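Atoms considered below: every heavy atom in the structure, side chains included; atoms not considered: hydrogens, waters and symmetry mates. Reminder, nothing fancy here: chain letters follow the sequence lines and each chain counts from 1. No experiment lies behind these values; they were computed from the predicted model shown.
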Amino acid sequence: MKIAVCLKRVPDTETRIKIGADGRSIDEDGVKFILNPYDEYAVEQALQLKDSAGTGEVTAISLGSSASQETIRTALAMGVDRGILLETDALPLDPVPIGKALAAELGSGDYDLIFFGKVAIDDYSHAVGTIVSELLGIPSVSAVGRLEIADGKGTAEREIEGGVEVVEFSLPAVLTAEKGLNEPRYPALRGIMMAKKKPLEIKPVELEEGGLSVVELSVPPARPAGRIVGEGADAVPALVEALRTEAKVI
Amino acid sequence: MPFHGVDFLGIDSLFNEEELAVRDTVRRWVDDAVMPIIGDRYIAGEFPQELIGQMAELGLFGANLPEKYGCAGLNNVAYGLIMQELERGDSGIRSFASVQGALVMYPIYMFGNEEQKKEWLPKLASGEVVGCFGLTEPDYGSNPAGMITTARETDAGWTLNGTKMWITNGSTAQMAIIWAKTGDLDDPGSIRGFIVPTDAKGFTSKDQKGKISLRASDTSELALEDVCIPRDAVLSESAGIKSPLMCLTQARYGIAWGAVGAAMACYDEALNYAKTRMIFDKPIGSFQLQQLRLADMLTEITKAQLLCVQLGRLKDAGTMRPEQVSLAKRNNVNIATDIAREARRLLGANGILAEYQSMRHMTNLESVYTYEGTHDVHTLILGKAVTGISAFE
Ligand SMILES: Cc1cc2nc3c(=O)[nH]c(=O)nc-3n(C[C@H](O)[C@H](O)[C@H](O)COP(=O)(O)OP(=O)(O)OC[C@H]3O[C@@H](n4cnc5c(N)ncnc54)[C@H](O)[C@@H]3O)c2cc1C
């Protein structure tokens, strides 16, 4: 089985984000970047499928700046066989040109399965995986929480409001990984050393501009300080009143 | 909150991408696997055995030894960063890895024959076998050359007699590297290392109870009473007191890095506490006295980090001298003990709780201060190195 996993380099969730001087992008100075956490589930799933099949190849593909090589190497350290960087200086906000560039690469790769994370934690568009499947004309299942592949067919479970949806699909297909799909492995230290020796191909790409542009970024307003309405059982009516009229949550 | 380390001087720029990736991987593992349990295990006074398999899978044991023996084949800077991160969790966790790697795998790698290396190193790397290192005796601590444990050659092999004390992993281990005199008791040149299975007849281990330091670590007394082992159990290239001392140099190297990790944990905790604890309507970090504490901690950590990087580069270049390791072990453990104590004090009453880290590190570091050559002994090693006059004898 040939499996592709698409990866994105994103700011660490713990990073305190500063808005850049242009007001439309983040100041990357001092920001730590990581492999998008949802993509980690995708990598792990691909590796587990390869491990249980005993054969196959897993390719990690990232669209981004040269620094994304590091992100690909994280996946190589986890056990992915080879990497492809589609190199571009800047990523547009619009997921459509991103999907097109990835689909162009993926379409020629003859992959049985293409994994994405369900969302990238930086721009939260939830869209790229699905766009790629449309462009390639193959089925997609998004936010997969459980997966089985057998006899050229797949069964996936997705959590939906109030229940679980079970979906069957044919291969090739695009799947986007939900948190909890598996427990991503730590790269073994030997894997980290070996990652440098694995093939990592760099292909420059030109992206379309797309139809979206960032007008402004702003940080959420500081949360107002809390207020103690009283103590003990006597305070309950006041608390209920405050929750109803001020916070409007009940 | 995940741990982000301390890097005031851009020291990360002195590490390459793999070294940083190794460090960050171990850092994350410590956050996930060690931090949630270590306070309780420390109180319970037990080493978290369930971590052994995970540590092995990551490749933490003997990580600077070659791949052909099942090890990770890392350079010594990456190895040092592993020790730093493990000790950020707990000195007991780092001690386990130090003993397994630097005191058990290293002597087999250095002084063992090819057969012994092939037999033992992969099993030790995979955690299938845990080892311990028996050098110290009840009456021979800082002066191991005086040891009275003996190994006598017989028709069947070797017979060992003696008592070893303060042996990390002693009750957990399936095998022990035991140092013993094969000749006269006044001849330290006759000291050799032996691979001894801990289930051999006459070998007993006893947990040393009542520790107030390094509680999440197994420290045991070993007794060897007519323990018979085969002729080929001797580490064939080991020769004299110099051999165990070479092992100690390896372990001390890791300790120099480890101490920085413990110090970072305490500083990080103190800094966060100083920013959030409100007293007199202000965070305590707004008072000059507490800022002095934090500034001192940061300064000493930064100096210790630089010491480690340079020491590591020397080790990788093959030019590191044992007295340079003494300087780093002595300084870094010393500043770490001070930092842990100051952090504990900054935390006020909370600082005495196991829920916080500083007091655990503070008490742990007293063991680290004492083992692998006490602070005083390293002072004398440096004194000898600069004056050419030994103050030991
Ligand atoms: C938790 C723990 C784990 C350990 N694990 C191991 C292990 O795995 N394997 C192992 O073999 N050993 C181990 N040790 C033993 C450790 O290495 C010894 O405790 C250490 O070498 C000191 O020996 P000692 O305790 O007998 O102290 P002593 O040598 O009796 O020293 C007592 C005091 O005298 C000072 N002193 C000694 N000589 C001089 C001198 N010439 N001049 C000035 N001052 C001097 C010392 O600095 C110290 O302050 C461990 C110890 C501890 C506490």
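For the set B:Ala72, B:Gly59, B:Cys71, the count of heavy-atom pairs under 4.5 angstrom toward chain A peaks at B:Ala72.
At least one test fails for A:Lys179 against the ring of A:Tyr41: distance under 6.0 Å to the centre or angle within 45° of the axis.
Proximity of the aromatic rings of B:Phe8 and B:Tyr267 is defined here by a centroid distance below 6.0 angstrom, and this criterion is not met.
At a 4.5 Å heavy-atom cutoff, A:Arg185 makes no contact with chain B through either its backbone or its side chain. Only the side chain of B:Glu17 comes within contact range of chain A, with at least one heavy atom under 4.5 Å from a heavy atom of that chain. Of the atoms belonging to B:Gln54, not a single heavy atom falls under 4.5 Å from chain A.
Within 6.0 Å of CD in A:Gln48 there are more than 12 heavy atoms belonging to other residues, nucleotides or ligands.
By the salt bridge (charged side-chain N to carboxylate O under 4.0 Å, His left out) test, B:Lys303 is found to be paired with B:Glu300, residues two or more places apart in sequence or in another chain being considered.
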